[in-house]
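The next block holds one structure in the form of structure tokens; read it before the comments.
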2 protein chains.
Amino acid sequence: MSHNRTAYVLLGGLSIQSNLSGYELHQAIKENFGSFWGESYGQIYPTLKRLVAEGLIEASGSATAGKKRRQTYALTDAGRVCLREWLAQPFQNDPPRNEFMLKLFFGHEAAPGVALVHVRELNERNRRMLATLEGIEKMARAYQSKDPNLPYWMLTLGLGLALARAALDWGESALAELAAMEVDTREPLKTSEAEPSS
Amino acid sequence: MSHNRTAYVLLGGLSIQSNLSGYELHQAIKENFGSFWGESYGQIYPTLKRLVAEGLIEASGSATAGKKRRQTYALTDAGRVCLREWLAQPFQNDPPRNEFMLKLFFGHEAAPGVALVHVRELNERNRRMLATLEGIEKMARAYQSKDPNLPYWMLTLGLGLALARAALDWGESALAELAAMEVDTREPLKTSEAEPSS
DNA sequence: CGTGGCATGTAAACGGTTACATGATTTA
DNA sequence: TAAATCATGTAACCGTTTACATGCCACG
């Protein structure tokens, strides 16, 4: 009778669109929640079965429509109630785990230039993330419907955008700082611009 | 011969200060990395033993100095090498898990006002976080030494501050938006200001 | 007909937290 | 001497990922 969060993500997913299969739920989660949540098949399929057993979702049509056979599911009333109860509970902050920040913190211990490489990589990832989120934003604006979910989606998206932009801004300036710092230690006396071709 | 990240956090911790015990390492991690990393005793103590067995750290004086008996450890040369190698590897983004954003995304499914409460709670947590980080910043500036680690610490701190501020900014404006949205649905016709003291 | 992608599933391993057990030391 | 806190440790449990197994369908 106790549920892990995978269960609620699935209930939530089915609450906004019915008759999805495990595969489609996985896709939907990756596309829509990609920036703040993830689930693996190994988690999704067993959880779906369990939710059916508990009556929170029900098998709805093995849609073999044109495609292959795939079992789809829909939320039951009990499932909707369960989801609502969970939504009302205070959210938990999962233990922080930011490997980038950890490696940056120990930057002095690393070989020269390592921190710089990490920051560059972080910036690339954040640029990609930002592009994705901006794409979603554009689509959402065009979507422009009376769907009552939309305001919440835009809000969530807004936080994602704000965080990505803040991280990227920080990254740009950190790059400059690090370049100055680490050049100092690596080329303490060099003044000529000539590059020996190894 | 394979290591989880706990091992590297401990190696890193000992790289910046020697002769720490498991207990002290736990404290140090909570204080210094609290905003981006965490470790539990159940992870720390077994890992320390394993690192000793592998020769990456060594027991250094069971400092019973005035205090209780506690086993302290120091990095070996092999340990330092191992840490450096890990630092040079590309960092990994752990799977995102932001329960707040998940609940906000499903906001429409929740009872009216729930999203608002969550955002308020988020803002409180972020304000606390920000205060903590600003405290650390102040201390670090006062610390003002030639410690070569300091620039990296400030950089890391800077990212934490940037993210916390961005989240808080977002939170303030989201609060306004949500208040407008959710009041609409809850008090569709009310015009009087009188509050029944039910 | 064979290959590659779609779709579902399972078992094992892993990383990590939680809860618990223990004793020693300080403080009241 | 009682309570609080320091300090170390372990066992059980949990959520999750990974790797693997399988079969179907479409396409060349």
Side-chain angles (χ1 to χ4, degrees), chain A residues 1-10 13 19-31 33-34 36-53 57 59-73 86 92-99 102, chain B residues 1-10 13 19-31 33-34 36-53 57 59-73 86 92-99 102:
Chain A
M1 270 307 185
S2 108
H3 300 280
N4 57 14
R5 288 173 305 176
T6 302
Y8 297 109
V9 185
L10 297 179
N19 305 322
L20 294 177
S21 65
Y23 190 83
E24 288 168 317
L25 278 164
H26 180 256
Q27 283 183 142
I29 289 167
K30 212 165 65 171
E31 280 174 32
F33 313 157
F36 58 88
W37 203 269
E39 289 294 346
S40 61
Y41 290 122
Q43 198 78 328
I44 289 174
Y45 285 113
T47 303
L48 283 172
K49 296 212 155 173
R50 186 156 145 255
L51 290 174
V52 169
I57 62 176
S60 78
S62 13
T64 331
K67 310 279 177 90
K68 306 117 203 210
R69 110 272 172 206
R70 54 195 179 69
Q71 185 54 258
T72 66
Y73 301 92
W86 176 73
Q92 79 175 85
N93 281 4
D94 331 40
R97 285 248 143 123
N98 189 322
E99 193 174 304
L102 200 56
Chain B
M1 270 307 184
S2 108
H3 300 282
N4 57 13
R5 289 173 304 174
T6 302
Y8 297 109
V9 185
L10 297 179
N19 305 323
L20 294 177
S21 65
Y23 191 83
E24 287 168 316
L25 278 163
H26 180 256
Q27 282 183 142
I29 290 167
K30 212 164 64 171
E31 280 175 31
F33 314 156
F36 58 87
W37 204 268
E39 290 294 346
S40 61
Y41 290 123
Q43 197 81 326
I44 288 174
Y45 285 113
T47 303
L48 283 172
K49 296 214 154 170
R50 187 155 144 254
L51 289 174
V52 170
I57 63 176
S60 79
S62 14
T64 332
K67 311 281 175 92
K68 305 118 205 206
R69 109 271 174 210
R70 54 191 177 71
Q71 186 53 257
T72 65
Y73 302 92
W86 176 72
Q92 78 175 85
N93 281 4
D94 332 38
R97 282 248 143 129
N98 188 323
E99 193 173 304
L102 200 57

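The figures here come from the full heavy-atom set of this structure, side chains too, leaving out hydrogens, waters and symmetry mates. By convention in this document, chain letters (A, B, ...) are assigned in the order of the sequence lines, proteins followed by strands, and residues within each chain are numbered from 1.
Between the CG atom of L10(A) and the P atom of dT16(D) there is a distance of 11 Å, rounded to whole Å. What separates CD of Q43(A) from P of dT10(C) is a distance of 13 Å, to the nearest Å. To the nearest angstrom, C1' of dG9(D) lies 15 Å from CG of L25(B). Between the CD atom of Q71(B) and the P atom of dG9(D) there is a distance of 8 Å, rounded to whole Å. Distance CD1 (I44(B)) to P (dG9(D)): 12 Å, rounded to an integer number of Å. In this structure, the CD atom of Q92(B) is 13 Å from the C1' atom of dC14(C), given to the nearest Å. Regarding Y23(A), its OH atom lies at a distance of 11 Å from the P atom of dG5(C), rounded to whole Å. Summarising the geometry, the separation between CZ on R5(A) and P on dT17(C) is reported as 13 Å, rounded to the nearest angstrom.
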Filtered N/O pairs between nucleotides 19-22 of chain D and protein, under 3.5 Å:
none

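Between Y8(B) and W86(B), the ring-plane angle classifies as parallel under the 30° and 60° cut-offs. The aromatic rings of Y41(A) and Y23(A) sit parallel to each other, their planes meeting at less than 30°, with 60° as the upper class boundary.
With sequence neighbours left out, the salt bridge (Lys or Arg N to Asp or Glu O under 4.0 Å) criterion links E99(B) to R5(A), K103(B).
Taking side-chain N and O atoms only, R97(A) has no distance below 4.0 Å to OP1 or OP2 of dG15(C). At the phosphate of dG15(D), neither OP1 nor OP2 sits under 4.0 Å from any side-chain N or O atom of T6(A).
Distance from the side chain of Y45(A) is smallest to dT10(C) among dT17(C), dG16(C), dT10(C). When distances run from any side-chain atom of N4(B) to the nucleotides dT10(D), dG9(C), dG16(C), the shortest one goes to dG16(C). Proximity note for R70(A) (side chain, C-beta onward) versus dT8(D), dG9(C), dA7(C): the nearest is dA7(C). When distances run from any side-chain atom of S21(A) to the nucleotides dG9(C), dT8(C), dT10(D), the shortest one goes to dT8(C).
Distance check, rounded to the nearest 0.5 Å: CD1 of I29(B) to CD of Q27(B) gives 11.0 Å. Between the NE2 atom in H26(B) and the CG atom in L20(B) there is a gap of 13.5 Å [rounded to 0.5 Å]. Of the inter-residue distances, the one linking Y73(B) atom OH with L10(B) atom CG reads 10.0 Å to the nearest 0.5 angstrom.
Residues S40(B) and Q43(B) have side chains that never bring a donor and an acceptor to within less than 3.5 angstrom of each other.
If E39(A) and E24(B) are placed on DNA chain D by their nearest nucleotide, the residue sitting closer to the 5' end is E24(B). Mapped onto DNA chain D by nearest heavy atom, G22(B) and P95(B) fall at different nucleotides, with G22(B) at the one closer to the 5' end.
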